[in-house]
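Worth knowing before you read on, the calculation uses all heavy atoms, side chains too, and leaves out hydrogens, waters and symmetry mates. What you see is a predicted model; the values in this text were computed from it and never measured.
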Amino acid sequence: MALGFAIGVFGVLILFHAAYSTIQYRGLLKITEEEFSGPPFNVVTELSLGLVLCMWAALTVPGKFLSIHPDSEENRIVSLPANVDFMIFNHRGKVFPVEMDLKLKQ
């Protein structure tokens, strides 16, 4: 896991460097009064490499996927009552008054 995390950090650093290189390249084009047609090839290569490294780290760092067993006791379905209209939930709505007079002022 530490190796995957380090590769992810390295991928993010590569992406930041590619962004900085693009900003620096655009500043150079403004000085030379040329038009920006796209980033240079080395920036596109850095972006691709950074994307691949970040995606690899995102898939390996969280851990292995566990299989779902339908007969397991941990996967039981919580059933709700048939009449859900009268269920009461404890939420922030209870701080508001029950009756609210919302009349338009004329």
Intermediate values then yes/no, side-chain contact (heavy atoms from CB on, under 4.5 Å), Asn42 and Ser21: CA-CA 9 Å; Asn42 63 345; Ser21 296; over 6 Å; no
Flag side-chain contact, heavy atom, 4.5 Å: Trp56 against Ile7: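 Yes; the side chains approach each other to less than 4.5 Å.
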Could you give the distance from [atom1] ([X]) to [atom2] ([Y]), rounded to the nearest 0.5 Å?
X	Y	atom1	atom2	answer
Thr22	Glu46	OG1	CD	8.0 Å
Leu15	Leu49	CG	CG	9.0 Å
Arg26	Glu34	CZ	CD	13.5 Å
Ile14	Leu47	CD1	CG	10.0 Å

Cluster link Phe5 to Leu13, ILVMFWY, side chain under 4.5 Å: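 Yes, because Phe5 and Leu13 connect within a single hydrophobic cluster, where side-chain heavy atoms sit under 4.5 Å apart.
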Closest contact, heavy atoms only, [X] versus [Y]:
X	Y	answer
Cys54	Gly11	SG-C, 3.6 Å
Tyr25	Pro40	CD2-CD, 3.7 Å
Leu53	Phe10	CD1-CD2, 3.7 Å
Gly4	Ala57	O-CB, 3.3 Å

CZ (Phe41) with more than 12 external heavy atoms under 6.0 Å: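 For Phe41, atom CZ is not crowded (no more than 12 foreign heavy atoms under 6.0 Å).
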